[in-house]
Amino acid sequence: MSQIFGFIFTMRPIPIGILSIFFLILNGMLINTEAVADSGMHLHPPRIALVLSGGGARGAAHIGVLKVLEELRVPVDLVIGTSMGALVGGLYAQGMSPRDIEKTFDDIDWGNTFSGRPPRDNVSFRQKQDDDEALFQFELGISKKGIVLPTELVTGQKLSLLLTTLFQGTIGIDDFNQLPLPFRAIATDISSDEVVTLGKGNLSEAISASMAVPGVLPAVEIGGRTLVDGGVVRNLPIDVAQNMGAERVIAVDVSSTLNSLEGGSIVGVAAQTFRLLTVRNVAQQRQRIRTTDLLLTPDLSMVQFADFSNMQAAVAQGEAAARAAGDELSKLSLSKEAYSQYRKRQRRRNPPPALGIRIDEIEVLNLQRIDPRIITWRMKTRAGEMTDVRTLEQDVRRIYETGDFQAVYMRLIQQQEMNRLVIDAREKPWGPNYLRFGMRLESNLEGQGNFTLLANLRSTHLNRWGAEWKNKVKVGDNQSIFSEWYQPLSYSGAWFIAPSVELIHEEIKEALSTEKFDTVLGNIGIGYQQRNLAQYSIAWLRAHSKSKFQSILDDGEIKIDIGGAHLLAIYDQLDNANFPRHGTFAAASLLLSREGLGADIDYDLLELDVSHAQSVGRHTLVGSIELGTGLGSDIPFFIEFERGGFLDLSGLDRGALRGDVAGLMRLVYFQQVGRIPSPLGEAIYIGFSAEAGNVWESNKTVDLGNLRYAGSLFAGLGTVLGPVYLGYGRADGGEDSFYLFLGQPF
């Protein structure tokens, strides 16, 4: 029952949305329409249109092509892009140079961008509390119709936030003809299989729609149409440029071929399946090349669709392909003077206004279950006040980090000298009831250990202030049923009350005896959450416990009443609960057991836990200190502090040492040595630990001279099922053990 705090695990949903891709393949084979839904705008016939295809990481080749076009002084009058081509083309159209785009791509953490969960140190504190359980990363929805599955591998919010940042200078521009270069993004209407040419609206949202690979990223709703990646029906939109009157088209095709499967991972299967969708429409578009047009096909055999670590090679191949066509491109060159004037216009970026944006009205769209005042309370931007782009971006992040939304978009609409901020918050379609499973396995590979299965059901936003009802069940060597009603006391969610009840059954088997504990625990707490940083609470608790013991000498039963006040303060800014790379965790817990509050005996129980992680490159060092004391009181035997086990005086069996006072100092080093495909996990680690600690009978007997020393070697995997450790530990007395863990060992 002792509360020892540690590093716990995070979650990320895994969908079955890949099935939707196969539906699109079948449906795509039956497409008879070539309809192009233009934006309705008219543009003077462009002399030269640049058409950039989709291709995932291979799309970085477009940057190399742009470099050569500028070297040869080839002007571009219109840019049309699909998926990654839309991203590169949009950045160029808003005024960025090719080298600036290349640097931007180098600075982006693409692996993190296409992961589902925001950085852990930024998520709500309520979500961090779930890390106390060994839960799998993916979540399911529960409705009256049964289980509801997420529809894609990742939520797409990180990509949306990235695009919002990259295109912050276009806030307020809703006509893509008003960009330094006219621009179109190509998407697919998933309902009609029509090509949708986006030339109006929010630029970052349009590009997000163009990049929404079915089953991997969520569809984007624009103008009442549900849009996905344009590559489904028009990965190389040459006809769009020609239909807009382009005299010449420079088309760059970076589409993937079907020659190989990128491993056996879910991402590899998704990428190969998506290639099936693009091959036919790309072949049809290549046939539309006229004698006045030019098609560039870089050799990207070494760069796979999802190989974002190899984008520099794609840039180089884009340059090579453009240089090989240098003679043809040179025929389109301008004089130095004329090109200088052209480039001045193309570089005419709209800098994001740092200050001076007055927001006259805030409107929140698409909320079905969540009160919009919960959203506006989380924003620093207020109607009638001045704000800036950075604050608006942070507001979007704060909203998404609550964990309630699939995606959050922001639009600034300027009408008759009035600025209306529109927050488009898309609630998770598989909510508001979320089911997660988990498993904890602990073994010293010598027949000793325990196994637990877990289920966690959360029902969210049950009233206007966002109440939550959480129920947890554990079965295995130890069993428990837990139910909590979490009630915020305002729209801000800072203050809360949280009554709970828990039924616990524990069994301790030793060589000559067996003890069974059955406990009913009730708790009524009030607390304060300091945003995503910390939580402070005080609770009154009552419990009744019945202990039965059997041994070769005697049998018996003991009944115990527990009552008291529990004070708890937790600060948590670790970036990862299991393999933290940076950040600090600190917790202080004080239990005051008093007869006047229903306890059989008076005693105090104080626990302190502090950990800090620091990294340099792939190398990480985590230091921890854990202290526990009865503050001089006589602690009941059933909540004595324990030491022993993996990373807790490794080499000793778990719980080998028991006492009224305990201490542990631990230094853990680990190095990342590999990665796991993002839908399956995170990374592979190897490391070691050095540990010192002991237990004592009382404060008076504490003697640092009799500390026990231990260490361990381990390999760790950050998987979708939780952290997995295989380790070997040895203590100073010669005790040693091998350990296998699934779940949190700390």
Side-chain angles (χ1 to χ4, degrees), residues 118 122-130 141 143 155 157 160-161 164 171 202 205 218 221 357-415 418-434 458-470 484-499 525-537:
N122 291 336
V123 303
S124 69
F125 207 87
R126 186 70 176 164
Q127 292 180 73
K128 292 178 182 178
Q129 288 180 312
D130 281 345
S143 71
T155 65
Q157 182 61 32
S160 174
L161 292 172
T164 298
I171 290 178
N202 181 288
E205 192 173 3
E221 185 175 330
I357 304 177
R358 178 182 175 84
I359 303 300
D360 299 290
E361 181 183 344
I362 298 176
E363 181 181 6
V364 184
L365 302 179
N366 291 320
L367 294 184
Q368 300 176 10
R369 304 179 295 265
I370 301 174
D371 193 296
R373 286 168 288 189
I374 293 178
I375 302 300
T376 54
W377 261 105
R378 295 186 180 277
M379 300 171 59
K380 286 189 176 181
T381 302
R382 294 285 183 264
E385 298 180 2
M386 306 294 288
T387 188
D388 57 75
V389 172
R390 181 172 178 81
T391 300
L392 293 174
E393 291 177 6
Q394 292 174 343
D395 284 340
V396 172
R397 295 177 189 273
R398 291 186 192 97
I399 296 169
Y400 176 68
E401 287 162 358
T402 63
D404 297 314
F405 301 99
Q406 183 183 37
V408 181
Y409 300 100
M410 171 187 67
R411 294 194 299 273
L412 183 63
I413 300 176
Q414 298 173 317
Q415 295 176 329
M418 188 181 88
N419 293 324
R420 180 160 58 96
L421 179 64
V422 177
I423 301 296
D424 187 355
R426 314 281 176 86
E427 297 173 0
K428 291 179 178 178
W430 58 94
N433 304 309
Y434 303 102
R458 291 189 307 123
S459 298
T460 63
H461 293 280
L462 298 174
N463 57 34
R464 61 177 182 171
W465 285 345
E468 176 180 302
W469 185 22
K470 178 185 291 187
E484 177 194 58
W485 181 272
Y486 180 85
Q487 178 63 65
L489 299 179
S490 67
Y491 293 112
S492 70
W495 288 94
F496 65 89
I497 57 173
I526 184 170
Y528 176 80
Q529 285 192 2
Q530 186 182 357
R531 300 187 306 278
N532 58 347
L533 299 176
Q535 177 176 296
Y536 316 95
S537 64

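Owing to the predicted nature of the structure, the values given are computational and were not obtained by experimental measurement.
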side-chain contact (heavy atoms from CB on, under 4.5 Å) partners for Ser490, two or more places apart: Ser492
Residues in side chain to side chain donor-acceptor pair (under 3.5 Å) contact with Glu363, at least two apart in sequence or another chain: Arg420
No-hydrogen, no-angle side-chain donor-acceptor test under 3.5 Å, Asp424 and Asn366: yes
Phe125: ring pair (Phe, Tyr, Trp, His ring centres under 6.0 Å) partners, not counting sequence neighbours: none
Side-chain touch Thr164/Val396, heavy atoms, less than 4.5 angstrom: no
Those residues that, when tested against Arg126, pass side chain to side chain donor-acceptor pair (under 3.5 Å) (two or more places apart): Gln129, Glu468, Glu484
Counterpart residues, side-chain contact (heavy atoms from CB on, under 4.5 Å), relative to Arg464 (two or more places apart): Asp371, Tyr491
Pro218 backbone acceptor or donor facing Gln406 side chain under 3.5 Å: no
Met379 CE to Ile359 CD1 distance, which is reported to the nearest 0.5 Å: 8.0 Å
Backbone N/O of Thr376 and side chain of Arg382: donor-acceptor pair under 3.5 Å: yes
Contacts of Tyr536 that satisfy ring pair (Phe, Tyr, Trp, His ring centres under 6.0 Å) - sequence neighbours left out: none
Glu401: partners by salt bridge (charged side-chain N to carboxylate O under 4.0 Å, His left out), with sequence neighbours left out: none
Side-chain H-bond candidate by donor/acceptor type, Gln127 with Ser124, under 3.5 Å: yes
Electrostatic pair Glu393:Lys380 at N-O distance under 4.0 angstrom: no
With Arg369 via salt bridge (charged side-chain N to carboxylate O under 4.0 Å, His left out) - residues at least two apart: Glu427
Shortest non-hydrogen contact from Arg358 toward Asn419: O-ND2, 2.8 Å
Criterion side-chain contact (heavy atoms from CB on, under 4.5 Å) on Phe405 and Ile370, from CA distance to verdict: CA-CA 10 Å; Phe405 301 99; Ile370 301 174; 3.6 Å; yes
Sub-4.5 Å side-chain heavy-atom contact between Gln535 and Phe496: yes
Residues forming a side-chain contact (heavy atoms from CB on, under 4.5 Å) with Asn433, sequence neighbours excluded: Ile142, Ser459
Partner set under side chain to side chain donor-acceptor pair (under 3.5 Å) for Thr381, not counting sequence neighbours: Thr387, Asp395
Contact check, side chains of Met410 and Val422, non-hydrogen atoms, under 4.5 Å: no
Those residues that, when tested against Ala467, pass side-chain contact (heavy atoms from CB on, under 4.5 Å) (two or more places apart): Leu462, Asn463, Trp485, Gln487
Separation of Thr460 OG1 from Asp404 CG (nearest 0.5 Å): 5.5 Å
Nearest-0.5 Å distance that lies between atom CD1 in Ile357 and atom CG in Leu392: 5.5 Å
Cation-pi geometry met for Lys428 and Tyr434 (6.0 Å, 45°): yes
